[in-house]
Amino acid sequence: MRLSRAFIPTLKETPSEAQIVSHRLMLRAGLVRQHTAGIYNWLPMGARVLKNIEQIVREEQNDAGAQEIIMPTIQSGELWKESGRYDDYGPEMLRIKDRHDRDMLYGPTHEEVVTDIFRNNVLSYKDLPMNLYQIHWKFRDEVRPRFGVMRGREFLMKDAYSFDLTFEAAKHSYNQMFVAYLRTFARMGLKAIPMKADPGPIGGDMSHEFIVLAETGESAVYCHSAFLEKPIPLVVDYNSDLQEFVDIWTRDYAATDEEHDQAISKELGDKMIEARGIEVGHIFYFGQKYSDPMGAKVAGPDGEMVTPYMGSYGIGVSRLVGAIVEACHDDYGIIWPDTVAPYRVGLINLKVGAEETDKVCDKLYKDFSEGGLSALYDDRNERAGVKFSNMDLLGMPWQVIVGPKGLKNGTVELKRRATGERQELSLESVMSKLTAHHNAEKQSGAGG
Ligand code: ATP
Ligand code: MG
């Protein structure tokens, strides 16, 4: 994309309505604009990042054996009366009447809808295990929408729902999602700590929240310092018994529930880290809570009817954009991890209109796109200082700077946004270096 043609409305001033750094930077870098309280427009840069995150989530869900569906955003209230949640859910649910005076709602979550799909279409245990997911917009009328997309009213979520014949099988489905989540967040350059969460009335220990540490996070975090050092898993066979793997990751205590505070500090002593974090995902086993009242049943192996055991698994896709900016920025702007960046490369032409710099930039721009490296090309007639600070604000992981001085020696400058490290390189080495980096990342998958 040529910056002269791009719709990236950046702001020089710090927007006064934004309380935390990620919200400020997302506004300043032109990613989002508020439509009304807690509801956002995603402008081109924001939309690109959101799509990249969505794609990583999708690949990891597919790898773990889940199947993508799309459920409606507007749901029938009748289903929620069956599960008993229509009256329980409270004012976070946006209730709507259609023209026939029927109760409708904008979905805050989809357990009822997916259980309805299941009961109408799945008849035999042979179809299990089954895990269905979608990446779709939710609406929750939060009392206090805040921190930009971090706590919105309309937000993008990945929600998956597993169905199993037995508790043991459901536990395996849960473990698969546990592993998939670690991989998903690692691929985005995040270390998300799985914390025991309040399992609610079902009991047991099958509920974990995944927390990215950040000072501005809304969740209190208590965990063993070992969590911060644990390496992210590389390759995992989803069909193997994952229990041992999950045990390793949950053996050291980590919890968000403040009630645990006392107990943990006694147990862990000076190994305990007390911090704040952002909840980017939540996995949850709830057994027959919805399948039972909604009458979802399959024929079991010996003909008897069995009520399936379920779990649900959420990832805050739009919240992740904020969480990543919160974790990856400096005083100059955003520092996108390579895998989610709106463009891989920011190409800066220091002398627009000069034959040599224009020619080299055009060639690099073409080579980048042919090599699968998306580039944002600053071809505007602006001062160098303006271009540098703008590119730093936008946060592309690599910058390639082309000026007449370097070209005299046949070189351009390659800058790594994260470290500020700069190198003078020939055109060929710039291409090969960036391509090599890109390929290494593709190969390393979740480990990268
Ligand atoms: P929270 O405690 O932050 O309100 P929750 O427990 O209500 O989250 P879930 O129902 O488990 O969240 O939803 C799954 C994921 O969706 C959460 O882990 C979070 O990342 C994201 N999410 C939840 N509410 C919002 C919101 N209002 N805005 C953006 N993302 C959200
Ligand atoms: Mg909530």
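None of these values were measured; they are calculated from a predicted model. The first residue in the sequence is number 1, and the count goes up from there. Just so you know, ligand 1 is whichever comes first in the structure, and atom 1 is the first atom listed for that ligand.
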Atoms in ligand 1 flagged as close to Val280, the criterion being non-hydrogen separation under 4.0 Å: 18 (O), 20 (O)
Option with minimal heavy-atom separation from atom 12 (O) of ligand 1, where the choices are Lys138, Glu209, Arg140, Met157: Arg140
Contacting atoms of ligand 1, where contact means under 4.0 angstrom from a heavy atom of Gly316: 15 (C), 16 (O), 20 (O), 21 (C)
Result of checking Tyr313, Trp249, Tyr181, Tyr174 against His208 for side-chain hydrogen bond (donor to acceptor under 3.5 Å, both in side chains): Tyr174
Qualifying residues under ring-ring contact (aromatic ring centres under 6.0 Å, His included), relative to Tyr133, sequence neighbours excluded: none
Distance filter under 4.0 Å to Gly281 heavy atoms, resulting ligand 1 atoms: 18 (O)
Atoms in ligand 1 with a heavy atom of Glu142 nearer than 4.0 Å: 24 (N), 26 (C), 27 (N)
Close N or O approach (Gly152, ligand 1; < 3.5 Å): yes
N or O contact, Ser318 vs ligand 1, cut-off under 3.5 Å: no
Arg319 contact mode with ligand 1 (heavy-atom cut-off under 4.0 Å): side chain
Which of the ligand 1 atoms, numbered from 1, are nearer than 4.0 Å to a heavy atom of Val149: 29 (C)
Stepwise salt bridge (charged side-chain N to carboxylate O under 4.0 Å, His left out) check, Glu111 with Lys289: CA-CA 10 Å; Glu111 281 82 4; Lys289 184 173 173 192; over 6 Å; no
Of the listed options Glu218, Arg151, His282, closest to atom 3 (O) of ligand 1 (non-hydrogen atoms): Arg151
Candidates Arg416, Arg187, Arg417 - the one meeting salt bridge (charged side-chain N to carboxylate O under 4.0 Å, His left out) with Asp338: Arg416
Output side-chain donor-acceptor pairs under 3.5 Å for residues 4-22, partner residues at least two apart or in another chain, one line each.
| unit_1 | atom_1 | unit_2 | atom_2 | d |
| --- | --- | --- | --- | --- |
| Ser4 | OG | Asp379 | OD1 | 3.1 |
| Ser4 | OG | Asp379 | OD2 | 2.8 |
| Ser22 | OG | Glu326 | OE1 | 2.5 |

Pair Gln243-Asn175, side-chain donor/acceptor within less than 3.5 Å: yes
Contact check, side chains of Thr115 and Glu82, non-hydrogen atoms, under 4.5 Å: no
